[in-house]
S.K.: 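Take this structure, written in structure tokens, and hold onto it; I'll ask about it next.
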Amino acid sequence: MALRNADVAAGFDEVADLLEIQGENPFRVRAYRNAARVVRDLPHDVAEMVSAGEDLTELPGIGEDLAGQIERFVKTGESEVLSRLRKKAPAGITQLLRLPSLGPKRVRTLRDRLHIRSLDELGKAVEKGRLVGLPGFGPKTAERIREALKAQAPTAGRLLLAVAAQYARPLVAYLAKAPGASRAEVAGSFRRFKETVGDLDILVCAPSGPPVMDHLARWEDVERVVARGEPRATVVLRSGLQVDVRVVPAECFGAALVYFTGSKAHNIEIRRLAQEKGLKISEYGVFRERARGRETRVAGETEESVYAALALPFIPPELRENLGEVKAAAEGRLPKRLVSREDLRGDLHCHTDATDGRASLEEMARGAEARGLSYLAITDHSPHLAVTRGLTPARLRAQRKLIEKVQRKLERTRLLAGIEVDVLEDGSLDLPAAALRELDVVVAAVHTGLRLPREKQTARILRALDDPNVDVLAHPTGRLMPEREPYDVDMERVLTRAEEAGVAVELNAHPERMDLSDAHCRMAKELGVLVAIDSDAHAPTNFDNLAFAAGQARRGWLETGDVLNTRPVAELTKLFRG
DNA sequence: GCCGTTTTCGGCCCGACTGTTTTCAGTCG
């Protein structure tokens with residue numbers, strides 16, 4: 001059983017945790033953390049890269065030593081560094097780091113003074129009041145730990161982007177009206193359109209902090225204030241979502257926006273670049289060192305000015321992951337025009353109440369028209385998905401009549417007749433070819449047999465791609481966040497075959513799916529596969545999710561030309577026929 | 001542990017807040 005990228009990443013993260021608790025060189029710790037991140041975000045299987053003999057030292061932050069470690073890790077299933085560290089450290093001690101106020105130093109104190117090795121033992125020690133009086137532990141710290149242990153993370157997970165947006169938008173609108181505020185922006189992973197966000201980072205432009213913080217504390221959703229200073233505060237909303245608010249004056253706003261948008265890895269990279277140029281970047285601006293410790297400010301009012309000070313063009317937030325964007329910017333190789341929601345002319349995947357949708361065909365069509373979509377494919381389920389009352393060929397023909405009838409009532413949106421046809425376990429399709437040939441669009445999807453072994457799952461999907469009637473492969477990895485992992489499939493082979501067969505792959509905008517991932521979008525682009533950004537709407541409001549999917553596509557470096565449904569409908573039907 | 005048209009050794013991003021201090025360490029982002 002092959003080791004996955006996530007396994008390797010988790011191993012290196014644990015190495016970093018254990019080294020940190022030991023008090024190792026922090027830069028060595030950082031090297032392992034960086035390696036974990038790089039491997040986790042890799043679009044290819046690192047195990048396959050190893051067996052193909054690829055040079056892992058090409059990866060950023062991976063040198064001779066780590067490349068060798070990765071190689072042995074995936075071949076033997078074991079990291080010798082990790083095994084060695086685990087022998088010295090009790091299992092479970094890294095769990096302690098997840099608690100607030102506990103970092104490596106205090107965890108070490110707990111281990112050395114009280115021989116605490118697990119959350120359980122920590123809990124007992126806290127209840128007996130044994131923490132207070134240890135160096136670095138006072139009553140407040142002990143109490144915070146006690147509360148965190150009691151709460152044990154019912155809401156500690158990350159929120160889906162679309163869910164976080166429901167909390168972020170009203171709050172940011174409210175903060176923009178704080179006394180003295182001229183604008184407010186959500187930064188952080190939310191602004192980078194990450195598929196999930198852990199907390200909200202909100203930046204408010206105002207001359208003075210305290211009036212804004214008073215205003216914040218009065219927001220109806222605020223449950224408690226965790227920390228509060230002049231320019232910075234942290235609150236927890238009733239939903240459990242943590243919100244960090246930072247107030248900055250106008251001349252710093254750009255620098256603060258860069259800093260608060262992150263990612264952390266991107267910030268470290270641009271600060272390193274700044275150092276090379278004799279500059280220093282902080283959330284207050286870009287500074288040039290002068291004699292006798294004095295410094296002059298050279299940029300900061302806008303994000304553009306910060307990047308310009310580094311001789312870089314503006315880097316869109318969605319690209320700021322330190323996955324090559326800084327180098328690409330320096331060399332003028334950034335994507336010219338990343339795709340946006342406004343570029344999407346149509347949608348090729350939605351459902352109606354004929355199967356599991358919650359709205360009629362006419363309501364769906366009007367919903368699409370109201371949102372400016374110039375075409376919409378009606379793609380209900382096929383018979384195999386019995387729970388949805390999937391369409392038989394006869395019902396499919398009847399739906400065709402209904403489409404023609406509704407079409408006559410529409411002014412600006414062209415309806416396409418389609419189907420989301422099930423890919424059966426042997427890779428054949430759930431409807432006869434004759435029925436599929438009559439349709440404008442055939443979207444193929446796996447809904448059952450999710451646990452097939454990798455080889456069978458891959459072969460099954462490849463066979464479906466070879467069917468000449470298939471136009472789009474829907475939600476290609478089948479994941480549902482947070483509970484269902486993607487099925488085990490070789491995406492590189494799937495995407496390669498999709499390119500050969502002229503089939504587009506879907507980026508499904510359902511908030512729990514967001515399937516393709518950003519890394520797979522980038523892989524699709526490299527392999528020359530068109531991506532269809534589809535809503536999979538089951539109700540008219542679901543069309544609004546397209547904006548989040550467009551954000552994910554930008555994270556995958558996709559430009560307008562890389563996306564199938566940026567094309568006008570005439571061009572599209574030509575592509576399908578061909 | 002990584003990395004290099006100023007370096008193969010000596011650096012490695014930067015600042016705020018809290019709680020613990022009695023001038024600052026640890027944590028966090």
Side-chain angles (χ1 to χ4, degrees), chain A residues 12 15-16 19-21 23-38 56-70 79 81 96-110 131-145 148 187-189 197-203 209 213 225-235 242-248 252 255-256 258-287 289 295 300 306 310 322 326:
Chain A
F12 283 161
V15 168
L19 288 174
E20 222 174 5
I21 293 168
E24 255 281 359
N25 176 358
F27 298 104
R28 189 173 169 221
V29 173
R30 183 193 292 174
Y32 278 101
R33 286 215 197 286
N34 182 60
R37 191 188 62 86
V38 167
L56 299 180
T57 63
E58 299 275 303
L59 298 172
I62 308 291
E64 291 293 331
D65 183 277
L66 278 168
Q69 284 197 46
I70 294 171
S79 152
V81 177
L96 304 183
L97 290 171
R98 309 280 99 82
L99 292 171
S101 321
L102 282 189
K105 299 283 168 58
R106 290 199 180 111
V107 168
R108 187 137 60 112
T109 304
L110 290 173
L131 263 50
V132 182
L134 291 175
F137 287 86
K140 291 264 182 74
T141 305
E143 184 53 25
R144 267 198 95 182
I145 293 171
S189 48
V197 301
D199 61 10
L200 291 177
D201 303 290
I202 301 180
L203 207 55
M213 298 314 182
V225 179
V226 176
R228 177 176 167 156
E230 288 262 326
R232 180 170 199 163
T234 300
V235 300
Q242 179 170 310
V243 183
D244 295 327
V245 175
R246 180 77 175 241
V247 179
V248 290
C252 305
V258 170
Y259 164 74
F260 245 49
T261 297
S263 65
K264 184 169 180 156
H266 175 86
N267 285 350
I268 290 175
E269 181 62 14
I270 60 172
R271 284 174 175 187
R272 198 195 53 74
L273 188 64
Q275 278 192 324
E276 278 178 14
K277 296 175 188 293
L279 300 169
K280 186 188 75 174
I281 301 181
S282 76
E283 55 264 54
Y284 297 109
V286 184
F287 301 89
E289 308 281 355
E295 48 190 24
V306 173
L310 301 174
N322 196 25
V326 176

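Letters go in sequence order (proteins before strands), and every chain restarts at 1. Quick caveat: nothing in here was measured; it's all calculated off a predicted structure.
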S.K.: Which whole number of Å gives the distance between the C1' atom of dC2(B) and that of dC13(B)?
M.R.: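 Those two atoms are separated by 16 Å.
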
S.K.: Please collect all side-chain hydrogen bond (donor to acceptor under 3.5 Å, both in side chains) contacts where either partner lies in residues 58-67 of chain A, sequence neighbours excluded, each pair once.
M.R.: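 Of all non-adjacent pairs touching residues 58-67 of chain A, those that pass side-chain hydrogen bond (donor to acceptor under 3.5 Å, both in side chains) are Asp65(A)-Gln69(A).
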
S.K.: DNA chain B: Ala142(A) or Ser101(A), which has the more 5' nearest nucleotide?
M.R.: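 Here Ala142(A) is the residue nearer the 5' end.
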
S.K.: Expressed in angstrom and rounded to an integer, what is the separation of Lys105(A) atom NZ from dC28(B) atom C1'?
M.R.: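 So the NZ-C1' distance, Lys105(A) to dC28(B), works out to 14 Å.
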
S.K.: Taking for each residue the nucleotide of DNA chain B bearing the nearest heavy atom, is the 5' side occupied by Ala227(A) or by Gly103(A)?
M.R.: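 Its nearest nucleotide being more 5', the pick is Ala227(A).
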
S.K.: Give a yes or no on whether Glu143(A) atom CD has more than 12 heavy-atom contacts from other residues, nucleotides or ligands under 6.0 Å away.
M.R.: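 Yes - once you tally the heavy atoms of other residues, nucleotides and ligands closer than 6.0 Å, there are more than 12.
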
S.K.: Can you tell me if Gln242(A) touches the phosphate of dC28(B), counting only side-chain N or O atoms and a distance under 4.0 Å to OP1 or OP2?
M.R.: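 Negative; the distance criterion is not met.
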
S.K.: Using a 4.0 Å heavy-atom cut-off across all strands, classify Pro104(A) as base, sugar-phosphate, or nothing.
M.R.: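 Sugar-phosphate, backbone atoms only, no base.
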
S.K.: What's the gap between dT8(B) and dG1(B) when it is taken at their C1' atoms, as a whole Å value?
M.R.: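 Rounded to whole Å, the distance is 15 Å.
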
S.K.: Check every strand shown and say whether Pro139(A) touches a base, only sugar-phosphate, or nothing at a heavy-atom separation below 4.0 Å.
M.R.: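 Sugar-phosphate, backbone atoms only, no base.
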
S.K.: Tell me whether Arg272(A) is salt-bridged to Glu269(A), with the criterion being a basic N under 4.0 Å from an acidic carboxylate O.
M.R.: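 So Arg272(A) pairs with Glu269(A) through a salt bridge.
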
S.K.: Apply side-chain contact (heavy atoms from CB on, under 4.5 Å) to residues Val245(A) and Val235(A) and explain how you reach the verdict.
M.R.: CA-CA 8 Å; Val245(A) 175; Val235(A) 300; 5.6 Å; no

S.K.: What heavy-atom pair brings Asn34(A) and Gly61(A) nearest, and what distance separates the two atoms?
M.R.: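 Looking at all heavy atoms of both residues, the shortest contact is ND2-CA, 3.5 Å.
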
S.K.: Report the distance from atom CG of Asp244(A) to atom P of dT27(B), rounded to the nearest whole Å.
M.R.: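 Whole-Å distance recorded here is 18 Å.
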
S.K.: Round to the nearest Å and state the distance from Arg144(A) atom CZ to dG19(B) atom P.
M.R.: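 Result: 7 Å.
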
S.K.: With sequence neighbours left out, which residue pairs that include part of residues 96-107 of chain A fulfil the side-chain hydrogen bond (donor to acceptor under 3.5 Å, both in side chains) condition?
M.R.: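 For residues 96-107 of chain A, and leaving out neighbouring residues, the side-chain hydrogen bond (donor to acceptor under 3.5 Å, both in side chains) pairs sorted by first residue read Asp17(A)-Arg98(A).
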
S.K.: Say we look at dC3(B) and dT18(B): how far apart would their C1' atoms be, to the nearest angstrom?
M.R.: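 Looking at atom C1' only, dC3(B) and dT18(B) are 36 Å apart.
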
S.K.: Got a second to check how far Ile145(A)'s CD1 is from Leu102(A)'s CG, nearest 0.5 Å?
M.R.: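 One gets 4.0 Å once the value is rounded to the nearest 0.5 Å.
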
S.K.: Glycosidic conformation of dT7(B), syn or anti, with 90° from 0 as the boundary?
M.R.: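 Chi for dT7(B) falls in the syn range.
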
S.K.: Tell me whether Arg108(A) contacts the main-chain N or O of Ile21(A) through its side chain, where contact means a donor paired with an acceptor under 3.5 Å.
M.R.: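 Yes, because the side chain of Arg108(A) sits within donor-acceptor range (under 3.5 Å) of the backbone of Ile21(A).
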
S.K.: Counting only Watson-Crick or G-U wobble pairs whose two distances fall under 3.5 Å, which nucleotide matches dC28(B)?
M.R.: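 For dC28(B), the partner nucleotide comes out as dG15(B), under the 3.5 Å rule.
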
S.K.: For each nucleotide in nucleotides 3-16 of chain B, reading 5' to 3', give B when a protein heavy atom comes within less than 4.0 Å of its base, S when such contact involves only the sugar-phosphate, and - otherwise.
M.R.: S--------BBBSS

S.K.: Leu96(A) CG to dT27(B) C1': how many Å, rounded?
M.R.: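 Spelled out: CG on Leu96(A) to C1' on dT27(B) is 15 Å.
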
S.K.: For Lys140(A) and dT18(B), what is the distance between atoms NZ and P respectively, to the nearest whole Å?
M.R.: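 Interatomic distance, NZ of Lys140(A) to P of dT18(B): 9 Å.
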
S.K.: Considering only side-chain heavy atoms of Tyr32(A), which listed nucleotide, dT27(B), dG19(B), dG1(B), is closest?
M.R.: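 Looking only at side-chain atoms, Tyr32(A) lies closest to dG1(B).
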
S.K.: Figure out the CZ/P separation between Arg98(A) and dT27(B), and round it to whole Å.
M.R.: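 Answer to the nearest Å: 13 Å.
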
S.K.: What distance, rounded to whole Å, do you find between the two C1' atoms, one in dT27(B) and one in dT21(B)?
M.R.: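 My reading of the C1' atoms in dT27(B) and dT21(B) gives 16 Å.
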
S.K.: Taking only the C1' atom of each, what is the distance from dT6(B) to dG11(B) in whole angstrom?
M.R.: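 One C1' to the other, the span is 13 Å.
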
